[in-house]
Amino acid sequence: MIAGYSAAALLAILFALPFAWRVLIHREHGHWENPIPAFYFAYLELFLGNGCLGIGVMMLLALTLERYVSVCHPGHARPILGSPIRAVTLIPIITFILYIPVVFRSYVKTCMLTPENYLIYQRTENTAYISHPVYSIYKVGLEIVYKVVPVVLLAALNLRILIVYR
């Protein structure tokens with residue numbers, strides 16, 4: 001499971017590099033001459049980056065749960081999610097499925113610049129989609145599942161582990 005956590009952290013960093021490239025090089029303008037980077041930045045950037053961060057959070061939570069069970073309940077020490085291979089497989093699959101709606105929050109618009117007939121591809125927010133109440137509820141749900149609950153559980157479980165060690 002530690003390898004899965006490490007892989008998720010490494011992938012999150014690797015997906016953060018194109019984001020930094022977009023912000024530093026394109027100065028957040030969001031338009032490209034090639035459709036491939038436009039597609040990546042419009043559809044996949046947030047999906048892959050946030051998905052890998054979410055996987056890292058859930059892997060850390062799974063590792064903490066395993067440690068909690070083995071330290072605080074040594075007679076019941078068994079894998080919570082089954083075998084480590086099952087946990088390392090299920091966590092990314094479930095996380096990426098939950099992040100699929102993020103893919104649709106923006107789209108690529110093709111624009112023709114008239115003086116030179118120059119074609120650019122521009123990332124545009126799908127305002128109808130991101131302002132929909134269901135998407136707002138979805139975002140709050142993701143924040144709770146991947147930020148609030150893990151912080152509370154990690155703090156509580158690690159505190160309990162510290163108390164048992166003392």
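Values below: every heavy atom of this structure, side chains too, minus hydrogens, waters and symmetry copies.
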Would you say the side chain of [Y] lies within less than 4.5 Å of the side chain of [X], judging by non-hydrogen atoms?
{"X": "I163", "Y": "R160", "result": "yes"}
{"X": "F41", "Y": "S106", "result": "no"}
{"X": "L98", "Y": "I94", "result": "yes"}
{"X": "K147", "Y": "V151", "result": "no"}
{"X": "Y68", "Y": "V164", "result": "no"}
{"X": "M59", "Y": "P92", "result": "yes"}
{"X": "N126", "Y": "R105", "result": "no"}

Single-linkage hydrophobic cluster, 4.5 Å side-chain cutoff, [X] and [Y] together:
{"X": "V102", "Y": "I97", "answer": "no"}
{"X": "M58", "Y": "V152", "answer": "no"}
{"X": "V69", "Y": "Y165", "answer": "yes"}
{"X": "L157", "Y": "L162", "answer": "no"}
{"X": "M112", "Y": "V108", "answer": "yes"}

Original post:
Between F47 and F96, how do the two ring planes meet: parallel, tilted or perpendicular, split at 30° and 60°?
Top reply: tilted

Over all atoms of both residues, closest heavy-atom pair of [X] and [Y]:
{"X": "P150", "Y": "V145", "answer": "CD-O, 3.1 Å"}
{"X": "S136", "Y": "I130", "answer": "OG-O, 4.3 Å"}
{"X": "S131", "Y": "A128", "answer": "OG-O, 3.5 Å"}
{"X": "F104", "Y": "Y129", "answer": "O-CD2, 3.4 Å"}

Original post:
Among Y43, Y99, Y40, which one satisfies side-chain contact (heavy atoms from CB on, under 4.5 Å) with L48?
Top reply: Y40

From [atom1] ([X]) to [atom2] ([Y]), nearest 0.5 Å:
{"X": "T124", "Y": "K109", "atom1": "OG1", "atom2": "NZ", "value": "4.5 Å"}
{"X": "F39", "Y": "E45", "atom1": "CZ", "atom2": "CD", "value": "13.0 Å"}
{"X": "T95", "Y": "L90", "atom1": "OG1", "atom2": "CG", "value": "10.0 Å"}
{"X": "L60", "Y": "L153", "atom1": "CG", "atom2": "CG", "value": "11.0 Å"}
{"X": "L11", "Y": "L53", "atom1": "CG", "atom2": "CG", "value": "10.5 Å"}
{"X": "Y146", "Y": "I55", "atom1": "OH", "atom2": "CD1", "value": "8.0 Å"}

Original post:
Is the ring centre of Y135 less than 6.0 Å from the ring centre of Y138?
Top reply: yes

**OP:** Would you confirm whether Y121, through its side chain, and I36, through its main-chain N or O, come within 3.5 Å as a donor-acceptor pair?
**Re:** no

